[in-house]
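To keep things clear, I will list the structure first and then write my remarks on it.
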Protein chains: 2
Amino acid sequence: MPSETIQSARRPGRPAKQAASKDQRERLLDIALELFARQGVADTTLSAIARKAGMTPAMAHYYFKTREQLFDVLIDERIMPARTDIEAIFKEHAADPMRALTLFVERLVATHVRLPWFGALWIREMISDNDIFKQHMRKRFGAEQQAAKFDAVRRWQREGKLNPQIEPALLFVSLLGLTTLPMVAVRRWQGDPLVAHIDAQVIARHAVALLTQGVGPGLAGAQGI
Amino acid sequence: MPSETIQSARRPGRPAKQAASKDQRERLLDIALELFARQGVADTTLSAIARKAGMTPAMAHYYFKTREQLFDVLIDERIMPARTDIEAIFKEHAADPMRALTLFVERLVATHVRLPWFGALWIREMISDNDIFKQHMRKRFGAEQQAAKFDAVRRWQREGKLNPQIEPALLFVSLLGLTTLPMVAVRRWQGDPLVAHIDAQVIARHAVALLTQGVGPGLAGAQGI
DNA sequence: GAATTAATTAATGAGTTTATTAATATTGAG
DNA sequence: CTCAATATTAATAAACTCATTAATTAATTC
């Protein structure tokens with residue numbers, strides 16, 4: 001036992017296979033999502049991600065080369081699937097917008113519970129001007145898709161199924177503003193007794209209450225209460 | 001004329017007084033607000049602010065020492081005044097919440113036109129977890145103020161002036177979600193013909209339409225249309 | 001008009017971040 | 001069993017950021 005200076009618990013080299021532990025690449029992605037959502041992309045270094053995952057910075061480089069590429073992978077493997085999953089509701093319920101809106105809100109909220117990083121990243125993407133987001137997202141979400149969504153809203157309005165005063169291009173942003181924004185905001189309020197009772201369910205009920213009585217076609221069409 | 005290497009157009013020293021140009025400190029604050037709003041605080045260096053203002057990094061240090069202190073100054077001199085101005089509406093119209101809400105929306109939108117940085121910074125503050133925002137804002141906005149706002153909403157609900165299904169703690173966030181978030185988002189969509197028609201007025205009308213028919217006390221109380 | 005204060009630039013050191021390389025150890029295929 | 005592929009660490013160079021200082025020039029005050 002040549003007692004040299006104990007400088008590190010671990011020396012280079014491939015480790016012995018662990019029993020069913022999640023693979024390192026996935027763990028880096030998990031932690032990257034968490035940190036990007038909490039602090040923003042700009043404020044999160046590759047080293048920080050690796051450190052928090054208990055790895056060396058070189059590991060992050062080994063798997064992703066750069067932060068940009070890591071982010072690209074996140075978009076493809078994590079963000080886009082969650083997003084298309086949520087937006088699918090409008091195709092599934094094309095005939096009944098009010099039901100679609102309610103389900104959309106509930107699925108947004110459920111997604112937030114399942115994937116806590118989801119909301120913050122979406123909001124950040126919406127407000128960031130020159131971030132990596134812009135270029136990377138644009139590639140995947142085309143203008144046609146957006147046009148189709150707006151057209152659907154206009155059609156519902158023509159059919160008398162939706163408040164004609166609603167601006168089609170703003171409906172989806174409004175939905176996010178009523179659900180995702182509160183979800184993200186309340187997390188910051190943890191520990192404040194004034195808002196201790198606000199959870200996903202409360203937010204969903206609040207949003208639906210505001211929407212069903214505001215987005216409905218008729219003025220006296222009292223479905224609620 | 002000792003022809004040395006021409007290395008800079010300007011040598012050290014206090015400049016001759018300019019004719020009524022805005023003072024440098026204010027220009028740095030202006031540009032800091034713009035960049036903080038567009039890119040976030042973390043992604044904006046003091047040097048970048050100075051460079052964009054056509055000054056050296058040392059100027060930023062001369063006036064503010066650090067980015068944190070610059071941000072402190074911004075909060076006190078720019079952000080807080082705008083914010084208290086907007087929130088004052090609820091004290092001015094304590095007896096008529098529906099009118100207060102409409103005015104609040106309109107003033108939010110007007111503020112955004114006057115101070116384009118306002119919305120993005122507010123949203124960023126709401127979603128940022130550990131940023132400088134948190135500590136600095138908490139000092140100025142106390143818990144009592146927030147409790148008073150929530151109580152006002154509850155009182156309106158008891159008086160039958162507001163939809164009882166609304167969650168008091170979420171009302172203000174919802175208002176921001178319906179106005180400020182869209183305002184910030186549309187700026188990112190510049191150049192997209194699908195949303196070229198969306199301006200401050202359109203957003204305000206959309207938000208008011210959603211709110212008046214959703215937040216009103218009675219179900220058949222058809223004030224709109 | 002001399003002394004003090006204000007405003008500015010150039011230069012720089014300390015600290016971080018990014019990206020990379022070389023060395024090392026384990027696995028798995030043939 | 002050998003060897004190529006895979007996974008990991010240590011170490012490091014280049015670039016950038018932050019904050020700071022010394023020198024320099026103009027304005028103001030007395």
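It should be emphasised that the depicted structure is a prediction, and the values quoted were computed from it without experimental measurement. Naming: A, B, ... by sequence-line order, numbering from 1 per chain.
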Open item on the list: Out of the candidates B/Val109, B/Leu108, B/Thr102, only one should pair with B/Glu106 under the side-chain contact (heavy atoms from CB on, under 4.5 Å) rule; please name it.
Closed with: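 Of the listed options, the one satisfying the test is B/Thr102.
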TODO: Ignoring backbone atoms, establish whether A/Tyr62 has a side-chain N or O less than 4.0 Å from OP1 or OP2 of D/dA7.
DONE: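 For A/Tyr62, the contact criterion (side-chain N or O under 4.0 Å from OP1 or OP2 of D/dA7) is met.
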Open item on the list: Taking 4.0 Å as the cut-off, does a side-chain nitrogen or oxygen of A/Gln24 come that near to OP1 or OP2 on D/dA7?
Closed with: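 No, because none of the side-chain N or O atoms of A/Gln24 sits under 4.0 Å from OP1 or OP2 of D/dA7.
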TODO: Please say whether the positively charged group of B/Lys149, taken as NZ for Lys or CZ for Arg, lies over the ring of B/Phe90, i.e. under 6.0 angstrom from the six-membered ring centre and within 45 degrees of the axis.
DONE: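 Ring-cation test returns no.
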Please report, rounded to the nearest Å, how far the [atom2] atom of [N] is from the [atom1] atom of [X].
X: B/Met59; N: C/dA11; atom1: CE; atom2: C1'; answer: 17 Å
X: B/Lys65; N: D/dT21; atom1: NZ; atom2: C1'; answer: 10 Å
X: A/Met55; N: D/dT9; atom1: CE; atom2: P; answer: 8 Å
X: A/Leu70; N: C/dT17; atom1: CG; atom2: P; answer: 16 Å
X: A/Arg67; N: C/dT16; atom1: CZ; atom2: C1'; answer: 12 Å
X: B/Asp23; N: C/dT8; atom1: CG; atom2: C1'; answer: 14 Å
X: A/Gln69; N: C/dT18; atom1: CD; atom2: P; answer: 14 Å
X: B/Tyr63; N: D/dA19; atom1: OH; atom2: P; answer: 18 Å

Task: Check ion pair B/Glu77-B/Arg25 (N to O, under 4.0 angstrom) - done: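 Yes.
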- [ ] Output yes when A/Arg107 and A/Asp85 qualify as a salt bridge under the 4.0 Å nitrogen-oxygen rule, no when they do not.
- [x]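 Judged by the 4.0 Å cut-off on N to carboxylate O distance, A/Arg107 and A/Asp85 do form a salt bridge.
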What's the closest nucleotide to the [X] side chain, out of [options]?
X: A/Ala58; options: D/dT8, C/dA6, C/dT20; value: C/dT20
X: A/Ser47; options: D/dT8, C/dT18, D/dT21; value: C/dT18
X: B/Thr45; options: D/dA19, D/dT17, C/dT8; value: D/dT17
X: B/His61; options: C/dA19, D/dT21, D/dT9; value: D/dT21
X: B/Leu46; options: D/dA19, C/dT21, C/dT18; value: D/dA19

Task: Distance-only polar pair, side chains of B/His112 and B/Thr180, donor-acceptor under 3.5 Å - done: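 No, no side-chain donor-acceptor pair sits under 3.5 Å.
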Open item on the list: Reading DNA chain C from 5' onward, which residue's closest nucleotide shows up sooner: A/Thr66 or B/Thr56?
Closed with: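 This one resolves to B/Thr56.
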